[in-house]
There are 2 protein chains.
Amino acid sequence: MANEQVDPEHQSAGAWAKKYYFATRVVMEAVLRPYDIGPTQWYVMHQLMTLGPTSQRDLARMLQIERATLTGVVAALVRKGLVEQNPDATDQRQKVLTATPAGAALWQELPDPIALILETAFDGVAQADIDTTARVLREATGKLTSLFPKGKES
Amino acid sequence: MANEQVDPEHQSAGAWAKKYYFATRVVMEAVLRPYDIGPTQWYVMHQLMTLGPTSQRDLARMLQIERATLTGVVAALVRKGLVEQNPDATDQRQKVLTATPAGAALWQELPDPIALILETAFDGVAQADIDTTARVLREATGKLTSLFPKGKES
DNA sequence: CTATATTTGCTAGGTGGCTAACGAACAGGT
DNA sequence: ACCTGTTCGTTAGCCACCTAGCAAATATAG
C-alpha cells in the first residue's frame with residue numbers, strides 16, 4: 001500500500017467547517033434511524049407537538065426551509081400516518097397540519113436528539129466557555145449573513 | 001396580510017445549526033460566483049496550488065469528500081481547462097491532477113474566501129474568545145464523531 | 001364591485017453531496 | 001506463475017435541499 005495516512009497538516013479548512021455542521025446531522029440520523037424519521041421530519045413533529053396545529057407557511061418560516069421542501073417532508077409524514085393536513089377554516093389556501101394520534105404516540109417514544117447532542121458535545125465543558133462560544137458564533141454568523149444576504153435574514 | 005413575522009422564540013434549533021454551517025458556504029458562493037468557481041472547486045484548486053500535483057485519492061482524503069464526488073468536481077475543472085489529469089508514472093491506477101497555466105493564471109485573480117470569512121466574522125472579537133470557541137468546537141465535534149462514527153474519522 | 005397584487009401550497013427541474021457496484025491495476029502469499 | 005484481496009477512478013442512482021413558475025384563494029386600491 002502507498003502512504004496510508006495523509007498529513008493532517010494539509011487537511012483543508014473546508015473539512016472542518018463541514019464537520020461542525022454535519023456532526024449534528026449525522027448524530028440525528030443515527031439516533032432517529034430506528035424510528036424511520038429524518039432530521040427534518042423530526043423538526044416538523046417537534047414544532048407540531050410543542051405548538052399544536054400549524055400551517056405549512058408558518059412551519060416553513062420557523063424551520064427556515066422552503067415551502068417546496070416542506071411539501072415533500074410533509075408528504076412523507078402524511079404517508080406514514082403521523083400527520084394530518086386539513087384546510088384552514090378561515091383561509092382556504094392554508095393547510096393546517098396536526099399530529100394524528102399515531103403521530104403523538106410515536107412522539108412519546110422518540111428520543112430528543114438535540115438534547116442528546118448538547119449533553120454529549122458539551123459534557124464537562126465550563127459553562128462560561130459554552131456561553132462564549134455561543135456568543136462568538138452568533139455574532140459571527142450575524143455579521144456574515146448581514147454582509148452577504150441570501151439566507152433571507154434570521 | 002396575516003401575521004407577517006413569526007415569533008423568534010419559536011424558531012427551531014435546527015435553523016441555528018444550519019446557519020452556522022451554511023454561512024460559510026453562502027459567502028464562498030457569493031464571493032466566487034463572478035469567477036464561475038464553486039466552493040468545492042476552490043478547495044481543489046487551493047490544494048493543487050499549495051501542494052502541487054496531487055492524486056485524486058489524496059485530494060479526496062484531504063478534502064474529506066468521496067472519490068465519487070471528486071470525480072464530478074474534477075470533470076468540471078477539466079472541462080474549463082483549469083486542471084489536467086495525467087496517469088501516475090509508477091501506479092497506472094492513479095491520476096495525478098495538475099493546474100494548467102490557465103488554472104494558475106486564474107488562481108492569481110481569485111480572492112481567498114476563507115481568509116475573507118475569518119476576517120469579517122471575527123473582526124473585533126478578542127483573540128482569547130476565538131481560541132476558546134475553536135477549542136470548544138473541536139472538542140465537541142471530536143466527541144460526537146467518536147461516539148457516533150460514520151464520518152469515517154477525522 | 002372590479003381590477004390588481006400578494007400569498008399559499010404544489011409541481012418540475014437543478015445541484016451537490018452520498019452509497020453501491022464495477023473493471024482495471026496493483027500487492028502478497030503460495 | 002497464479003489466486004486472492006485491496007485500491008483507484010468511474011458510473012449509476014438516491015436524497016435533501018434549492019429556485020422558478022403555476023393556479024387558486026385572499027387582500028387591497030380605485
Side-chain angles (χ1 to χ4, degrees), chain A residues 1-6 14-15 17-19 21-22 24-26 28-29 32-33 36-44 54-61 63-78 83 85-97 150-152, chain B residues 1-6 14-15 17-19 21-22 24-26 28-29 32-33 36-44 54-61 63-78 83 85-97 150-152:
Chain A
M1 65 191 75
N3 54 335
E4 180 54 55
Q5 282 292 52
V6 168
K18 205 171 63 171
K19 281 172 70 172
Y21 170 64
F22 278 115
T24 84
R25 285 266 137 176
V26 168
M28 288 192 72
E29 284 166 11
L32 295 174
R33 182 156 305 125
D36 193 28
I37 294 276
T40 311
Q41 294 176 35
W42 185 88
Y43 283 120
V44 170
T54 315
S55 72
Q56 295 194 191
R57 176 198 92 146
D58 289 345
L59 272 177
R61 291 200 190 164
L63 299 178
Q64 305 246 114
I65 60 179
E66 288 302 312
R67 291 180 322 236
T69 302
L70 188 56
T71 295
V73 174
V74 168
L77 289 172
V78 169
V83 158
Q85 264 180 328
N86 305 311
D88 183 284
T90 67
D91 186 340
Q92 296 280 25
R93 293 170 302 179
Q94 297 192 32
K95 293 187 182 173
V96 176
L97 299 185
K150 160 82 170 199
K152 51 188 68 159
Chain B
M1 65 191 75
N3 55 335
E4 179 55 56
Q5 281 294 55
V6 168
K18 206 171 62 170
K19 279 172 70 173
Y21 170 64
F22 278 115
T24 85
R25 284 266 138 175
V26 168
M28 288 191 73
E29 284 166 13
L32 294 174
R33 183 156 303 123
D36 192 28
I37 293 277
T40 310
Q41 293 177 35
W42 184 87
Y43 283 122
V44 170
T54 315
S55 72
Q56 294 193 194
R57 177 198 91 149
D58 290 344
L59 271 177
R61 291 200 190 163
L63 300 178
Q64 305 245 117
I65 60 179
E66 287 301 311
R67 286 171 320 196
T69 302
L70 187 57
T71 295
V73 174
V74 167
L77 290 171
V78 169
V83 157
Q85 264 180 327
N86 304 311
D88 184 284
T90 66
D91 186 340
Q92 296 281 23
R93 291 171 302 179
Q94 296 192 32
K95 293 190 183 172
V96 175
L97 299 185
K150 161 83 169 195
K152 51 188 69 158

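Lettering follows sequence order; numbering is per chain, from 1. What you see is a predicted model, and the numbers here were worked out from it, not measured in a lab.
Note: CG (B:Asp91) to C1' (C:dA27) measures 11 Å, nearest angstrom. Taking atom CD1 of B:Ile65 as the reference point, atom C1' of D:dG9 lies 13 Å away to the nearest angstrom. One interatomic measurement links the two molecules: CD1 of A:Ile37 to C1' of D:dC15, which rounds to 16 Å at whole-angstrom precision. Across the protein-nucleic acid pair, A:Leu63 atom CG and D:dA16 atom C1' stand 14 Å apart, rounded to whole Å. Atom CD in A:Gln92 sits roughly 18 Å away from atom C1' in C:dT6 (whole-Å rounding). C:dG17 atom C1' lies 12 Å from atom CD of A:Glu29, rounded to whole Å. Protein atom CG of A:Leu59 is 14 Å distant from nucleotide atom P of D:dC17, rounded to whole Å. The distance between atom CZ of B:Arg25 and atom P of C:dG16, rounded to the nearest whole Å, is 10 Å.
In this structure, the side chain to side chain contact (heavy atoms under 4.5 Å, CB included) partners of A:Ala76, at least two apart in sequence or on a different chain, are A:Gln41, A:Arg79. In this structure B:Gln92 satisfies the side chain to side chain donor-acceptor pair (under 3.5 Å) test with no other residue, sequence neighbours excluded. For B:Arg67, there are no salt bridge (charged side-chain N to carboxylate O under 4.0 Å, His left out) partners at least two apart in sequence or on another chain. Considering only residues two or more places apart in sequence or on other chains, A:Val83 meets the side chain to side chain contact (heavy atoms under 4.5 Å, CB included) condition with A:Met45, A:Leu48, A:Leu77, A:Val78, A:Leu97. With sequence neighbours excluded, no residue forms a salt bridge (charged side-chain N to carboxylate O under 4.0 Å, His left out) with A:Asp88.
To the nearest 0.5 Å, the span separating CZ on B:Arg61 from OG1 on B:Thr54 amounts to 13.0 Å.
For A:Glu66, taking side-chain heavy atoms from C-beta onward, the closest of the listed nucleotides D:dT26, C:dG17, D:dT19 is D:dT19. For B:Thr69, counting side-chain heavy atoms from C-beta on, the closest listed nucleotide (D:dA25, D:dC18, C:dG17) is C:dG17.
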Nucleotide N/O to protein N/O under 3.5 Å, stretch nucleotides 9-11 of chain C:
unit_1 : atom_1 : unit_2  : atom_2 : d
C:dG9  : OP1    : A:Gln56 : N      : 3.3
C:dG9  : OP1    : A:Lys95 : N      : 3.2
C:dG9  : OP2    : A:Arg57 : N      : 2.6
C:dG9  : N7     : A:Arg67 : NE     : 3.0
C:dG9  : N7     : A:Arg67 : NH2    : 3.3
C:dG9  : O6     : A:Arg67 : NH2    : 3.4
C:dC10 : OP1    : A:Gln85 : NE2    : 3.4
C:dC10 : OP1    : A:Lys95 : NZ     : 3.1
C:dC10 : OP2    : A:Gln56 : NE2    : 3.1
C:dC10 : OP2    : A:Thr71 : OG1    : 3.0

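Toward the 5' end of DNA chain D, the nearer of the two residues A:Thr90 and A:Gly38, judged by each one's closest nucleotide, is A:Gly38.
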